[in-house]
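Everything on this sheet refers to the single structure shown next.
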Amino acid sequence: MTWFRPWTRWLALFLFLGGMTCLLLTLRQPSDLQLLEDARLATALGERERALNLYEQVLASDPASTAALLEGSEVSLELGRASQAETYLRRILQLAPEDHTANVRLAYLLGVEGRCWEAAPFLLASVKQGEFTLHHLVLLAASEPVIADSAFVEKCLRAVPDDPLPLLGIARTRFQQNDAVQAEALLRQVLSGSPASVEAHAMLGRVLAATDVSSLPKWQLAQPPEAESHPEVWWARGAWAEQQADLRGAVRCYAEAVRLDPNHRTANYRLGQVLMALDQHKPAQPFVERADKLRDLALLVDQVFSQPDSLAHLQRAAELTRSLGRPWEAWGWYQIVLRQAPSTEWATKASDELRAELRPDSPRNVEAFNPALRLNLDPYELPAFVRDASRSNKLNDVPGSTTSNLPPSNVQFADVAREVGLDFTYFNRPGIKTGDIRMLDTTGGGIAVLDYDCNGYPDLYFTQGCEWPPSSSQGSLEDQFFRNTGEGRFENVGAAAGIGDPGYGQGVTTGDFDNDGFPDLYVANIGANRLYHNNGDGTFSDVTNAAGISGELWTTSCLMADLNGDSLPDLYDVNYLAGAAALTQICRHGDEVRWCSPDAFEAEPDQVYLNLGDGRFENVTHT
């Protein structure tokens, strides 16, 4: 076989030369490890753009490099590139679904962007891994939580102006603050740049259901296919069907929302109410009860945030989540108790019971606890505009009722406030410029309807908030009084009528306290309340001091009524919180600004003033 030997020599030479070529090429090109080290050094030197470029080079040769993806996501976040960071984090979780750091950071990013529905699975992953904090559980239990980080959002908008997703969190916050106009504008801006954002479509449906339900058929036409899997989309569809008196269609839509998310409180509540309207009281009961529990849980977590060391609050949160069929969260709450008090027997027992039942693939919601999965939907057909989204988007072209036994309603409402001269917005965020939140930011104003000039047309009085503390230089922030001209218009006559209290207005009531035939006004403030006497000539007089009404309490609402049957209207003050801290304390948990809980402050008792019949009132609260 000697004839083979020359060929083996040539083969050996070929392999040797090929190996040397590869070695030379390797020496000329940096390794992935070297690129990673260079990227880390660039990051440390503040050269983030260069660092990102190096991480991309690593990923070009090794797309599964979790180190490059994770560190690249960090640099992207520092640069304010939210969508790029999200892409990196999602790629990590495709490779390693249990990566704790990626789960936590993606949950945070989605939370800042107000994408609550999307964030929940990543928050739950931290609980399953046992690497969670109280904050994770609070976010899972709260109703539509948004992580407040305005500095990060502003950084993102400066870095990538064309990426509208960071605006989602601002939009949700604006809507929660009752600024639906700004919320809608922001959401439409988001969708103009990201038309496939299901979360933005869903949130816009929520806003339109509250402000302009007639536009929902048009909104429906723009839905991407993925919208079918979002509970908020189904909730908005249900709101439209209910407004159209298509109660069976509303049942179907609300039920679809609860099937997708059994923790959607308003879907559970509305489903229960609509079923009762259809005389389906027994099927309605589980949804009403679940809505009550979800409400209690959302309120409870506010108390937990203000009193994180309260074992009673933590125990109640554990019990509520367990009764809702959310065992992972219940186990997490018991673990929080045991971190604070390791020898707590009831928490140890309950925690061990739950842990024995749980598996890594156990879902967040146990199906047996979802009442929508037991509801027969055969009698409940989808609303027409959902069945056939290609139909006209005009309200009058969409049938009002197709399956309900109730006749369609001919009553419709249109927002004509600005058209008729009612240009008013309540101011309740004195700390909005600094980002501070106080308890006084959580209450709103009141409206009184009265025919003050007795012309047969009702007039309107609006209480107004103000900067805190109140000052004489706050400009136009004072109560507003609008006279009904009787010709479909209102005119602001506060100055001419001698009213327009500059205090921090809360509630207002009207009545004829001196029985002279002209309605008077009583205004509740944070601070001194005001009693205005109608002079019968188109003007009012401030008779607060002469009437004997005094005090600097926080009155949120008030009533003028005959309480003792002597035909003289008396005054009742509904007071809220006591002490200066309730007005000055900035609500925080650690370094994070949060809404306060009223349970953190002392309550202020209500007050009663009896009408003496001579223009004076007597404080009889304690008699």
Side-chain angles (χ1 to χ4, degrees), residues 97-105 107-108 111 119-143 145 147 262-263 289-290 292-369 581 585 587-603:
E98 296 184 0
D99 188 292
H100 173 68
T101 303
N103 274 296
V104 169
R105 290 182 183 169
Y108 173 82
F122 305 106
L123 289 168
L124 187 68
S126 297
V127 177
K128 288 185 173 185
Q129 294 164 8
E131 300 183 52
F132 61 94
T133 66
L134 178 67
H135 198 185
H136 290 90
L137 294 173
V138 167
L139 288 172
L140 282 167
S143 177
I147 300 175
N263 305 309
E289 292 174 355
R290 189 171 183 86
D292 288 343
K293 288 182 179 180
L294 291 168
R295 177 203 59 206
D296 292 345
L297 181 61
L299 293 173
L300 179 64
V301 293
D302 281 341
Q303 298 174 325
V304 169
F305 223 91
S306 61
Q307 301 175 38
D309 298 328
S310 171
L311 296 186
H313 289 341
L314 297 174
Q315 181 181 15
R316 178 60 177 152
E319 293 171 346
L320 274 173
T321 48
R322 193 172 187 179
S323 69
L324 286 165
R326 292 154 62 172
W328 276 115
E329 291 167 77
W331 174 79
W333 286 108
Y334 286 123
Q335 287 296 301
I336 295 292
V337 172
L338 292 173
R339 290 178 190 178
Q340 297 186 17
S343 60
T344 308
E345 293 185 6
W346 53 263
T348 301
K349 179 182 178 181
S351 176
D352 290 345
E353 290 174 352
L354 285 165
R355 201 67 187 89
E357 301 171 3
L358 292 168
R359 300 289 182 271
D361 59 349
S362 295
R364 179 189 184 189
N365 302 290
V366 177
E367 289 189 354
F369 286 79
Q585 180 172 316
C587 302
R588 293 182 181 274
H589 182 71
D591 293 330
E592 183 178 354
V593 176
R594 288 281 297 177
W595 294 105
C596 291
S597 169
D599 291 341
F601 306 94
E602 293 294 324

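Quick note: numbers below take in every heavy atom, side chains included, and nothing from hydrogens, waters or symmetry partners. The first residue in the sequence is number 1, and the count goes up from there.
- Considering every non-hydrogen atom in both Phe122 and Ala107, the closest pair reads CB-CB, 3.9 Å.
- Here the side chains of Phe369 and Pro262 are not in contact, with every heavy-atom distance at 4.5 Å or above.
- The minimum heavy-atom distance linking Thr321 with Leu297 is given by the pair CG2-CD2, 3.9 Å.
- Inter-residue side-chain proximity for Val304 and Trp333 is flagged as met; some heavy-atom pair is nearer than 4.5 Å.
- Counting only distance, with no hydrogens or angles, the side chain of Gln129 and the backbone of Glu98 share a donor-acceptor pair below 3.5 Å.
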Note to self: Would Arg355 and Asp352 count as a salt bridge (charged side-chain N to carboxylate O under 4.0 Å, His left out) here? Give the steps.
What the structure shows: CA-CA 5 Å; Arg355 201 67 187 89; Asp352 290 345; over 6 Å; no
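- Closest heavy-atom contact between Leu124 and Arg364: CD2-CB, 3.3 Å.
- In this structure the side chain of Leu324 never reaches within 4.5 angstrom of the side chain of Glu329, judged on heavy atoms.
- In this structure the side chain of Leu134 reaches within 4.5 angstrom of the side chain of Leu314, judged on heavy atoms.
- Under the 4.0 Å criterion applied to side-chain N and carboxylate O atoms, Asp292 and Arg295 are assigned as salt-bridge partners.
- In this structure, the side chains of Leu338 and Gln335 come closer than 4.5 Å at one or more pairs of heavy atoms.
- Counting only heavy atoms from C-beta outward, the side chains of Gln315 and Thr344 never approach each other to under 4.5 Å.
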